[in-house]
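Quick notes on the structure that follows.
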Amino acid sequence: MIRTKRDGGVLSDAAIDWVIDGYTHGRVADEQMAALLMAIFLNGMSAAETTRWTAAMVGSGERFDFTALRRGGAPLALVDKHSTGGVGDKITIPLLPVVMACGAGVPQASGRGLGHTGGTLDKLESIAGFTAELSKDRIRQQLSDVGGAIFAAGELAPADRKIYALRDITATVDSTPLIASSVMSKKLAEGARALVLDVKVGRGAFLKTEAEARLLAQVMVDLGVADGVATRALLTDMNCPLGCTVGNSVEIAESLEVLAGGGPADVVELTLTLAAEMLDAAGIDGTDPAETLRDGSAMDRFRALVAAQGGDLSRPLPLGTATETVTAPQGGIMGDLDAMGVAMAAWRLGAGRAQPGDSVQSGAGVRIHRKPGEPVAAGEPLFTLYTETAERLPAALAELDGAWSVGAAAPTPRPLVLDRIG
Ligand code: URA
């Protein structure tokens, strides 16, 4: 198999099934899988190979089936979303309750962050008592009782967990067929029948160009459709952080503002755009996602979901006690904000991890006081940094340097949603 891919050949279905099963169960050595992954990285995989590779990864573990669940006498429409990862990307947190309040069921397998983008589970775990370690029976019960569950991928697609760890240390992560099969194997295994992908493009995203993002989106949409899941993707801008917070508990606080009917305009816009796509993909019409933010029904769903997972929203969210504020050196207009610089500052403050398994600080993060295009007076606060470890502040401040400017002219506004695929 290694020789076939090295020489630009095509793997048979049986060969793919064999290698995924063999690697999952320890019969294929790490060195051999690493060589095969590098050959795939260099020579790619055909659409048929990618589809089979994904199916074999789904088949390496359990595939949830919640299709028997009903609500109000009708089958519960199960829909999910996946984001390829952005800075300040807390959208899942307000989005799921909105979609639940509109009548869909959302079984969401989520991840912890690695690298510069935060993970939804790290953010939710800043709520006292919240757990993402749910058994299948508990997920089923929660879908039936409250309409949604957010859980660690656990035993879903175990082949992906092992292969992803190997890719991470062999420079084979950024391969379109390997990313697409990795993401989709977990999403197809979790039991949703419709899926919306938020594929991020720009400085703060994993994919820097629209062409790369478009290709990945198309491959993922094709994988979903081939499996019978109604799948579509939005390409969205990730040059500037989403909203006014980047970190863990600070992003939960901002999500609660959105659920209370306020919050930053870009977070509200993306939440409602993705909600409309999810409801359409799930075949639910006649509901207005924006109304669930106005009438409090999305907030009620969020409270029910958090309580079902052991979380206590009456306890204050943690916030780092060592802080630093960056102020405007002169008056003017806030220029462009570099998402990567802000992400690296939050990471230095302790919001992210360097190695899988590292712990994160729930109260670490950055609050952005002025977004691009907003007027600024000399001496006004632009950013507040929070951490539990004061020694982390100088390195975080250094990361922010050069990530922002205050000038005479407003930056050219960019659309948030760049395109829709599928
Ligand atoms: N996220 C995943 O789950 N897999 C990848 O390969 C890349 C990002």
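- Ion pair D174/R167 not flagged as a salt bridge, since none of the NZ, NE, NH1 or NH2 atoms sits closer than 4.0 Å to an Asp/Glu carboxylate oxygen.
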(message) Determine whether V258 and K90 satisfy the following criterion, side chain to side chain contact (heavy atoms under 4.5 Å, CB included), listing intermediate values before the conclusion.
(response) CA-CA 11 Å; V258 173; K90 72 274 297 167; over 6 Å; no
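- Here the straight-line distance linking atom CG of D266 with atom OG1 of T273 works out to 11.0 Å at 0.5 Å rounding.
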(request) Test salt bridge (charged side-chain N to carboxylate O under 4.0 Å, His left out) on E277 and R420 and set out the steps. (result) CA-CA 10 Å; E277 287 291 342; R420 180 177 179 280; 2.7 Å; yes
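- The heavy-atom pair separating L134 from I150 by the smallest distance is CD1-O, 4.2 Å.
- In this structure the side chain of E399 never reaches within 4.5 angstrom of the side chain of L385, judged on heavy atoms.
- Contact check for R353 versus R112: side-chain heavy atoms found under the 4.5 Å cut-off.
- P75 places none of its side-chain heavy atoms less than 4.5 Å from the side chain of T67.
- No hydrogens or angles considered: nothing links the side chains of E324 and T384 as a donor-acceptor pair under 3.5 Å.
- The two residues Y164 and S182 have their closest heavy-atom pair at CD1-OG, 4.1 Å.
- The existence of a salt bridge linking D419 and R214 is confirmed by a sub-4.0 Å separation between a basic side-chain nitrogen and an acidic carboxylate oxygen.
- When all heavy atoms are compared, the tightest approach of L274 to I91 is CD1-CG2, 3.8 Å.
- Contact annotation: the side chain of F130 never approaches that of D312 to less than 4.5 Å [non-hydrogen atoms, C-beta and beyond].
- With respect to the salt-bridge test (charged N to carboxylate O, under 4.0 angstrom), the residues E155 and R161 qualify.
- Residues S60 and A159 share a closest heavy-atom pair of OG-N, 3.0 Å.
- Neither side chain, Q141 nor D137, offers a donor N or O lying under 3.5 Å from an acceptor on the other.
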(request) Could you walk me through whether E251 and T245 pass the side chain to side chain donor-acceptor pair (under 3.5 Å) test, one step at a time? (result) CA-CA 6 Å; E251 294 199 33; T245 56; 5.2 Å; no
(request) Step by step, work out the side chain to side chain donor-acceptor pair (under 3.5 Å) result for S362 and E125. (result) CA-CA 8 Å; S362 289; E125 283 168 353; over 6 Å; no
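- The two residues G263 and V268 have their closest heavy-atom pair at O-CG2, 4.1 Å.
- A salt bridge is defined here as a Lys NZ or Arg NE, NH1 or NH2 lying under 4.0 Å from an Asp or Glu carboxylate O, and D336 with R203 meets this definition.
- Of the possible polar contacts, none joining the K123 side chain to the L121 backbone as a donor-acceptor pair under 3.5 Å is found.
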Can you give each donor-acceptor pair under 3.5 Å made by side-chain atoms of residues 34-44, sequence neighbours left out, with the distance rounded to 0.1 Å?
from : atom 1 : to : atom 2 : distance (Å)
N43  : ND2    : K5 : O      : 2.8
N43  : ND2    : R6 : O      : 3.1

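- Residue L11 holds its CG atom at 5.0 Å from CD1 of I16, rounded to the nearest 0.5 Å.
- Side chains of E133 and T131: a donor-acceptor N/O pair is absent below 3.5 angstrom, by distance only.
- The nearest pair of heavy atoms linking M184 to L197 is SD-CD2, 4.3 Å.
- Annotation: cation-pi pair K162/Y23 present, NZ/CZ under 6.0 Å from the ring centroid and within 45° of its normal.
- One finds no salt bridge joining K200 and D237 here, because no Lys/Arg side-chain nitrogen approaches an Asp/Glu carboxylate oxygen to under 4.0 Å.
- At least one donor-acceptor pair closer than 3.5 Å links the side chain of R392 to the backbone N or O of R348.
- Here R294 pairs with E291 in a salt bridge; the nearest charged N to carboxylate O distance falls below 4.0 Å.
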